[in-house]
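Okay, structure first, notes after.
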Amino acid sequence: MRDFTWIEVKVKDSFDDPLGRGVKEDINKFFSEEVTGVTAIKVYVISRDFSKEQLQTIGPALHDPIIEECKINSHLASNVDFSWLVEVGFRPGVKDNLGNTAKIAIEDALDIKFSGSEGVYSFTQFLLKGDISEKEVEGIANGLLGNRLINSFNITPSKKLDGLKRTIPEIKLRLKQIVERINLQLDDEAMMRLSQERLLALSIEELKAIRGHFKKPSQMRNSLGLGEDPTDVELECIAQTWSEHCKHKIFNAEITHKEPGKTEIVDGCFKSFIKNPTKEIGKKIDWLVSVFDDNAGIIKFNDKFNLVFKVETHNSPSALDPYGGALTGIVGVNRDPLGAGTGSRLIANTDVFCFAPPNFSGDVPKMLLHPRRVFEGVRRGVEHGGNKSGIPTVNGCIVFDERYLGKPLVFCGTLGIAPSKINGKPTHIKTISPEDLVVIAGGRTGLDGVHGATFSSEKLNERSPTSAVQIGDPFTQKKLADFLLEARNSELYTALTDNGAGGISSSVGEISRLCGGCKIQLKDVPLKYEGLQPWEILVSESQERMTLAVPKEKIAKLKELAALHDVGVAVIGEFTKTGNFHILFGQDTVALLDLDFLHNGCPKLRLEAEWNPTSSESAAFSFMKDFGSTLKSLLSSPNICSKEQVVRQYDHEVQGGSIIKPLCGNDGPSDAAVLLPLESMENHSFQGVGISNGICPKFSEFDTYHMAANAMDEAIRNLVAVGGDISKIALVDNFCWPDPVFHPESNPDGKHKLAQLVRANKAIKDYALAFGTPFISGKDSMKNDFHAGNVKISVPPTLLISAIGNIEDVKKCITMDFKNRGDVIYLLGITRNELGGSELFMHLKINGGDVPTVDACLAKNLYIAVGSAIKEGVLNSCHDCSDGGLAVAVAESSFAGGLGAEVDLSLVQSSGHLDDCTILFSETPSRFVVSVAPESQSRFEELLASCAFSKIGIVKPGKSLVIKGQKGNFIIDEGIEGLKSAWQGGLK
Amino acid sequence: MKVKSLLIMGYGVNCEKEMALGYSMAGATPKFAHINAILQSKVRIFDYDIINFPGGFSFGDELGAAKALANKVTFSKLKNGRTLREELVGFVHHGGYIFGVCNGFQLLVRLGLLPNLSGEQEVSLAYNSSGKFEDRWVLHKINPLSPCVFTKGLDTIYLPVRHGEGRFCAKNSGVLKQIISENLVALQYCDPEGNPTMSYPQNPNGSLESIGGICDRTGRIFGMMAHPEAFLLFYNHPLWTRMIKSKIDTPNIIEGGGLTIFKNVVKNAQGDKK
């Protein structure tokens, strides 16, 4: 074995090392208090020989001479007092962003180029000092310092330092490429075995349809010697294209839906409940540009620009490796607006997470990670994904529920903006002509992400492949995005699309339909390393790649621009009009698939749903005496408390257009984000865009119909609260469901879950039509279950509604914090006895009660009136009244404004008589807490004349929140600083 | 003739667009150039009055903020055989201005262009004491005695910091003393009364002597951690909705406090042209 050069870097002893210190604190907190010191050392191992002079240059290129020290080919650890050394590396094939950057740095410093087989591999050594056993060290290694799915660990006691051996994570693959013929002339059982073994996730009906199709080979197929058996390339390509992830089979399924006394046939949830209502609404508005046809929804911003929006999930990978999964998720969804139409500039990210509580103390099933780790990993992934891409993360929320232990939900959204026309041509339309070149741009292709689409279409289990775990690379993608926007503006391509799930097979397969075929040479796809099988090249989901259609006369210019941006581009084939998806590997045709069959040949799924409403019991609970301490408990509960520590680690202001930030006033919680795109600023315009989210899985157990209605109302209400105009709000849906396909053994309540899906969809339709808010894009993830042995953990049916709203003048926007003493406090909307699923009931562990319901007519009326009031400037603050009800909303507005308040519950308009507790904590939707200057009261009341509102109190100069009960007694009298510190301390 | 300001982009730099807007608003003509266009001698820095290294995450900050970019500037040669670092030194020598924000400041420090006492790297911007990236608005006290042309006439400035590596460190106490005694400290993180502070979060990263930005002896090379280009409009201020007494008569305030920095350098560069 050859020797490698290795370089070690650590922070000098004379400087503080917050990273080592942080690791020590975490070890002490979660593993062992015996560890008294942690020193971190970075190690770069280089598989290349250097001269002495070269070595002298490499050191300074890899470390900071002021705060760091560096050694070549010897151990810095030998000067450190420690007990155990843990060296964490990456497993073969896992992306090593640090190693790659080190390689570039060395190339620049020495003016050399590494060959394909030479590389730089990064490791991190943690030197632990303390009296702990090897077993404890192993626990710390896999439980904190790395993740065995992606990392290798080398654990050595200090006395054996000199004998430290490391293995370089080089990929070793078969060097011979083989294309197999797959015999499908098998019985059902054997076919299903084949599907499982190859991780195809195909059903028996689908396998039969494939077999049937290949039985009648075309002439061309025969002439190429392909015959009646599909090749592995073909089968893999079909499996990816037909995966639940890509094809949304459940959302398109024909469903027989039974409710007591009624049976109906639903001809596709998507078509019936999402697409058709949007079509209806589209007849009345003029700002829908491209909905449901592209990677993202496109709406009109103004005469010159369009907005492009998409939200996605990345749940399964985030369960296995939270950091890599979330990072890949966010940079992955970035490519949707980037690849919609002819591309858009990305201006904002959103992130919504569902986790088990971080202080979860029960057993965590083997293979799963503790929710605390999932939380931190996902958070860091989204931090790096957004920050390093220069996209502000402006809005989001976190929902905690133990049922997310098996699969966390990680929703990432991205908003883009694009000129509506370039050189007279509309940018929302992709065009491709036969003979245009198929060009792949961005990162290289490797084994990473092989089978991602089919993997995420199955439940998580012990056999889930590690290749599905990837680490995104925002740096490579930022270069790609810069390059693409310049290429778009110079019209160097006519169509582009993201290589996401299913890789080239999906992306090229999909856009080939625009011209009717393509011919791809797999040997021209740039690879990370040799030895990939043809089918692997085709379905690999390696990140940061986009596919372009480039007219031949533009290719030279495109390549020149790519070179300037240091972005890889390669011509991998041509578009055709043959009707075929034709794949070559060298001289051999390895796949010849009829495009029509590939995209339309998947048999329609037929499913059964059965809805048995649970009778709602009214919940009895003993009367509470101490409302003040209950309020504090709610403020510090994980769902309500401040997410400041998360928010501040996201750059939420890059691009200079931040108008309403995630934290308002004295760090209070904003209802929605508002930003002013640079495109507006450059044109001296104040037209902006608002972004918000609504999610309430806590109501799913009652009725998913109301869960969905509440999520929609919440998203819209949040946007209205900052100054959004309900007539200009567009929505995106994201369904994350437990498996809704019935199976007598593995999924006996599948019919119920499917009925829950149907009911949520019905709500979406009803409320979209009632509010006049169209859906412009969406996504569904249908297998959010974890299964191992006897343990099955399923997520509650979860629907995220994300909203964007066109805001005419951001100068009119308002925030949720009380502004001035003497301002009058109003509660808008009627309060009902709706404590079912509320934060109060969760806190008191009470089941039952009445679930909040949305009266769309009243709500819409109110939202229009509030919109006018904000436009006229008569509101000084407006806050959404939701989790924790009136009490929490008033408390938040108070401490965010640094002002006290006095509120009288006897003035609250309610439906029937309600006790004080219900008025304080009921979560009736469609309500706001607002404050109005005394001189604006009459105008305000005039504008709200047709709505329900109650004048409930006044903003006070003092520092206490005083709430009077209906009998005139003071039921809450709390200092706002105390309330605020409860709220801020929730996640600490 | 209008002042020409060049914004160097590429490899993960990401604040160039709003910085360009700042220059437009300040009356200059901004222009973008990918750093490779300069290295390939397609763009000449000497055709510009101000060279800017905007914020961002060059090379993903993988080797430490701006380290890999600094290597490129130090080692890659232009067609004339000189490195970009050598060109920048010549540019300042000819009276040009260089501005680095956040990642750009980290770059200038690594290149030894700031504080430029010896030409070698003398200071560094290490990981924040908190160990975290942080986005928060902080108040800065301007040093009135500093030769820095960018901060002239300012007393304090309120701007957002958005970084994980901003803790100012010096090679030794001699260097630190010299930076202070020569008034190369242009601005410091301070408390609401304007006193430089070491207490978190007013000093967001634990910087030595609360240093938030320094200049060279000419005052024409300047770097700072906070982002003036993020406060071009009054409406970027985190408390703007509290600063308007009554929403009914929204005053016609448009400009944000960060713009002054751009106006200062543009005004100076304009003066040089006369």
Side-chain angles (χ1 to χ4, degrees), chain A residues 15-19 21-22 61-62 64-67 97-98 101-102 104-105 108-109 111 383 387-390 473-475 478-479 482 564-566 648-656 658-659 661 663-665 676 678 681-682 810-815 817 819 872-876 933 936, chain B residues 9-15 17-18 21 24 34 36-37 40 55-57 59-64 67-68 71-72 74-77 110 121-124 126-136 160 162 169-171 206 227 229-230 232-233 235-236 238-239 241-242 245-248 250:
Chain A
F15 286 92
D16 175 38
D17 176 17
L19 298 185
R21 185 158 44 83
L62 296 180
D64 180 290
I66 308 298
I67 53 171
N97 288 329
L98 178 57
T101 307
I104 298 170
D108 281 343
D111 197 17
E383 174 196 327
N387 294 3
K388 294 186 179 192
S389 304
D473 175 7
F475 164 61
K478 171 67 177 151
K479 286 197 299 179
D482 286 351
L564 180 74
H565 284 265
D566 205 353
R648 291 226 183 267
Q649 294 185 69
Y650 297 149
D651 186 334
H652 49 261
E653 301 185 273
V654 62
Q655 301 193 17
S658 168
I659 303 294
K661 302 177 201 294
L663 301 168
C664 298
L676 182 63
L678 277 159
M681 284 196 253
E682 284 160 1
V810 298
K811 302 200 295 301
K812 305 274 193 222
C813 286
I814 60 171
T815 49
D817 45 318
K819 301 295 185 305
E872 278 198 29
V874 298
L875 292 188
N876 278 344
S936 305
Chain B
M9 57 160 299
Y11 290 111
V13 167
N14 62 36
C15 297
K17 290 200 170 62
E18 55 267 40
L21 182 63
S24 297
H34 195 286
N36 284 341
Q40 294 166 9
F57 277 83
F59 292 89
D61 274 5
E62 290 292 353
L63 290 172
K67 178 69 185 169
N71 282 340
K72 215 170 237 325
T74 306
F75 295 109
S76 301
K77 289 194 169 72
R110 291 194 190 280
Q121 183 179 345
E122 292 141 335
V123 302
S124 191
Y127 275 104
N128 295 352
S129 291
S130 65
K132 288 175 183 162
F133 175 99
E134 231 172 308
D135 178 337
R136 75 163 65 239
R162 309 190 309 244
C169 300
K171 189 176 177 180
H227 291 268
E229 78 286 357
L232 299 177
L233 298 179
Y235 303 93
N236 295 136
L239 297 175
T241 61
R242 303 185 68 76
K245 185 74 183 146
S246 161
K247 293 285 295 174
I248 294 173
T250 304

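Just so it is clear, the values below take in all heavy atoms, side chains as well, and ignore hydrogens, waters and symmetry mates. Chain naming here is simple, since letters A, B, ... match the order of the sequence lines and numbering starts at 1 in each. Small disclaimer: the values here were computed from a predicted structure and weren't measured.
Using a 4.5 Å cut-off on side-chain heavy atoms (C-beta onward), Asp651(A) and Phe133(B) make contact. When side chains are defined from C-beta on, Arg648(A) does not count as touching Arg162(B), because their heavy atoms never get closer than 4.5 Å. The shortest side-chain heavy-atom distance between Cys15(B) and Val654(A) falls under the 4.5 Å cut-off. Side-chain contact between Pro238(B) and Leu663(A) is absent, with no heavy atoms from C-beta onward closer than 4.5 Å.
Both the backbone and the side chain of Leu62(A) come within less than 4.5 Å of a heavy atom of chain B. Only the side chain of Leu676(A) comes within less than 4.5 Å of a heavy atom of chain B; its backbone N, CA, C and O stay farther away. For Leu239(B), the part sitting under 4.5 Å from any heavy atom of chain A is the side chain, from C-beta outward, and nothing else. In this structure, the portions of Arg136(B) lying under 4.5 Å from any heavy atom of chain A include both its backbone and its side chain. If you measure heavy-atom distances from Asn387(A) to chain B, the contacts under 4.5 Å come from both the backbone and the side chain. At a 4.5 Å heavy-atom cutoff, the contact between Lys171(B) and chain A is made by backbone and side-chain atoms alike. For Lys819(A), the parts lying near chain B are the backbone and the side chain together; criterion is any non-hydrogen pair under 4.5 Å. For Leu98(A), the parts sitting under 4.5 Å from any heavy atom of chain B are the backbone and the side chain alike. Looking at Phe15(A), only its side chain comes within 4.5 Å of chain B, counting heavy atoms on both sides.
Using the six-membered ring where Trp is involved, Phe475(A) and Phe59(B) have ring planes that are tilted, between 30° and 60° apart.
Under the rule for a salt bridge (charged side-chain N to carboxylate O under 4.0 Å, His left out), Asp61(B) has no partner lying at least two apart in sequence or in another chain. Residues forming a salt bridge (charged side-chain N to carboxylate O under 4.0 Å, His left out) with Asp566(A) (at least two apart in sequence, or on another chain): none.
The greatest number of non-hydrogen atom pairs below 4.5 Å with chain A, out of Gly131(B), Ser129(B), Ala230(B), is found for Ser129(B). Of the listed residues (Leu232(B), Asn71(B), Thr74(B)), the greatest number of heavy-atom pairs within a distance under 4.5 Å of chain A belongs to Asn71(B). Most heavy-atom pairs under 4.5 Å with chain B: of the set His565(A), Glu682(A), Glu383(A), this distinction falls to His565(A). Contact tally against chain A (heavy-atom pairs below 4.5 Å) for Gly10(B), Gly56(B), Cys169(B): the top residue is Cys169(B). Comparing Glu18(B), Gln40(B), Lys132(B) by how many heavy-atom pairs each has under 4.5 Å with chain A, the most go to Glu18(B). Interface summary for chain B: among Leu678(A), Asp482(A), Asp111(A), the most heavy-atom pairs under 4.5 angstrom belong to Leu678(A). If you tally non-hydrogen atom pairs under 4.5 Å between each of Gly22(A), Pro65(A), Pro474(A) and chain B, the highest count goes to Pro65(A). Ranked by heavy-atom pairs under 4.5 Å with chain A, the first of Lys17(B), Glu134(B), Gln121(B) is Gln121(B).
Taken from CE in Met681(A) to CG in Leu233(B), the straight-line distance is 5.5 Å, to the nearest 0.5 Å. Between the OG atom in Ser658(A) and the OH atom in Tyr235(B) there is a gap of 14.5 Å [rounded to 0.5 Å]. Separation of atoms NZ (Lys811(A)) and OG1 (Thr241(B)) is listed at 15.0 Å; rounding is to 0.5 Å. Distance check: Thr101(A) OG1 to Leu63(B) CG gives 6.0 Å after rounding to the nearest 0.5 Å.
Counting all heavy atoms, side chain and backbone alike, Ala37(B) lies closest to Leu564(A) at N-CD1, 3.5 Å. For Ile659(A) against Asn236(B), the heavy-atom pair with the smallest separation is CD1-ND2, 4.2 Å. The two atoms that bring Ala61(A) and Lys67(B) nearest to each other are O-CE, 3.3 Å, heavy atoms only.
With no hydrogens or angles considered, a side-chain donor-acceptor pair links Asp64(A) and Ser124(B) at under 3.5 Å.
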* To do: For Ile66(A) and Val123(B), run side-chain contact (heavy atoms from CB on, under 4.5 Å): C-alpha distance rounded to whole Å, both residues' side-chain angles, the deciding distance at 0.1 Å, then the answer.
  => CA-CA 6 Å; Ile66(A) 308 298; Val123(B) 302; 5.9 Å; no
* To do: Kindly indicate, with the supporting measurements, whether the criterion side-chain contact (heavy atoms from CB on, under 4.5 Å) is fulfilled by Lys388(A) and Glu62(B).
  => CA-CA 10 Å; Lys388(A) 294 186 179 192; Glu62(B) 290 292 353; 3.6 Å; yes
* Asked: When you look at Ser76(B) and Asp108(A), which way does the side-chain contact (heavy atoms from CB on, under 4.5 Å) test go after all the steps?
  -> CA-CA 6 Å; Ser76(B) 301; Asp108(A) 281 343; 4.3 Å; yes
* To do: Mind running side-chain contact (heavy atoms from CB on, under 4.5 Å) on Lys479(A) and His34(B) for me, showing each step along the way?
  => CA-CA 11 Å; Lys479(A) 286 197 299 179; His34(B) 195 286; over 6 Å; no
